[in-house]
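Reading through the C-alpha cells given below for one structure.
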Amino acid sequence: MSASRTAWLARASIVPAATLDLWRLGCTAPLLPGREWDVVRVDFALAVASVRQLKGAGRHVGPYLMSGAERATWWLLPLGTGYRFAGEGGVAVHPGDWALLSPPPTRYVGNRVWVFPEGESPALTSPAELLGAVRQTLGSSHSPVTAGRLA
C-alpha cells in the first residue's frame, strides 16, 4: 500500500497527522463522511454479490472497508452521492457526524480491512453502478439477501 493512499484516507479525519500516528501504532482512527467522500454501509452478502456483478460487467470497484465479523462493508462514494442509496434494502447512508473507525490501510485491525483496486489511483466506485448492482442483487431470486437482511 502506498503512502499516497494512506495520506488520501487520512485527509478524511479531523486531524490527519493524529490519524497517521494512530495507524502507525496499529490502531483504528475515525474518518468522517462528508469531508472527502460519502459513506454507505452495505450488508456483507449483498456487497459480495454486488462486487461479483460489477467485476463481471468489467466495471471499476473502488476502495471499501470490509468486516466479516460485522457482516458489513463500507463504501466510499463521491461527495454528495450517498443520498441515492437512502431506503435501499441492506444499505445505510452515514451522515457527516458519524465516524467510520478505520484500520491502517495496510493492516487488518478491529476486525476490519481495506480493499483497494489495483494500481495507484484510489478512484471511487461509480454510485450509479453500485446502486444498479445492489438493486439487481436485491431483485434476484437467487440472492442470499432477502428484503435487506442476510438469509
*Which atoms form the tightest heavy-atom contact between Gly68 and Phe44, and what is the distance?*
CA-CE1, 4.0 Å

_Listed partners of Ser67 passing side-chain contact (heavy atoms from CB on, under 4.5 Å), at least two apart_ = Ala69, Glu70, Trp74, Asn111, Arg112

*In the single-linkage hydrophobic clustering (I, L, V, M, F, W, Y; side-chain heavy atoms under 4.5 Å), do Leu32 and Leu100 co-cluster?*
no

*Using the test side chain to side chain donor-acceptor pair (under 3.5 Å), find all partners of Thr73 that sit at least two apart in sequence or belong to another chain.*
Trp75

*State, yes or no, whether a side-chain contact exists between Leu77 and Phe85 at a heavy-atom distance under 4.5 Å.*
yes

*Sequence neighbours excluded, which residues qualify as side-chain contact (heavy atoms from CB on, under 4.5 Å) partners of Leu54?*
Arg59, Val61, Thr125, Glu129, Leu130, Ala133

*Any side-chain heavy-atom pair from Thr137 and Gln53 closer than 4.5 angstrom?*
yes

_With a 6.0 Å cut-off (strictly less than), is the heavy-atom count around CG of Leu79, excluding the residue itself, greater than 12?_
yes

*asked:* Can you give me the closest heavy-atom contact between Val93 and Ala86, atom names plus distance?
replied: CG2-N, 3.7 Å

_4.5 Å side-chain heavy-atom contact, Pro30 and Leu101_ = yes

_Taking side-chain hydrogen bond (donor to acceptor under 3.5 Å, both in side chains) as the cut-off, I'd like each qualifying pair that reaches into residues 88-97, sequence neighbours left out, listed once._
Glu88-Arg135

*Result of checking Val40, Val39, Val51, Val42 against Tyr64 for side chain to side chain contact (heavy atoms under 4.5 Å, CB included)*: Val51

*asked:* Do Val91 and Leu138 sit in one hydrophobic cluster, given that two such residues count as connected whenever their side-chain heavy atoms are within less than 4.5 Å of each other, even indirectly?
replied: yes

*Name all residues meeting the side chain to side chain donor-acceptor pair (under 3.5 Å) criterion together with Ser13; count only those two or more places apart in sequence or in a different chain, and write none if there are none.*
Thr19

*Please name the pair of heavy atoms, one in Pro127 and one in Pro78, separated by the smallest distance, quoted to 0.1 Å.*
CG-CD, 3.7 Å

*Go through the structure and list residues passing side chain to side chain donor-acceptor pair (under 3.5 Å) with Ser102, not counting sequence neighbours.*
Trp114

_Gap between atom CG of Leu9 and atom CG of Leu31 - 0.5 Å precision_ = 6.0 Å

*Applying salt bridge (charged side-chain N to carboxylate O under 4.0 Å, His left out), which residue pairs with at least one partner in residues 17-37 are found, sequence neighbours left out?*
Arg11-Glu36, Asp21-Arg24

_Whether Asp38 side chain and Gly80 backbone form a donor-acceptor pair below 3.5 Å_ = yes

*Sequence neighbours excluded, which residues qualify as side-chain contact (heavy atoms from CB on, under 4.5 Å) partners of Ala18?*
Val15

*Nearest non-hydrogen partners of Pro33 and Pro95, listed with the distance*: CG-O, 3.5 Å

*salt bridge (Lys or Arg N to Asp or Glu O under 4.0 Å) against Arg84, all qualifying residues, sequence neighbours excluded*: none

*Honestly curious: do Val134 and Val115 fall in one hydrophobic cluster under the side-chain, below-4.5 Å linking rule?*
yes

*Return the set of residues passing side-chain contact (heavy atoms from CB on, under 4.5 Å) with Pro63 (not counting sequence neighbours), or none when no residue passes.*
Trp8, Leu76, Phe116, Pro117, Leu124

*CG/Leu25 to CG/Leu20 distance, rounded to the nearest 0.5 angstrom?*
11.0 Å

_With Arg107 via salt bridge (Lys or Arg N to Asp or Glu O under 4.0 Å) - residues at least two apart_ = none

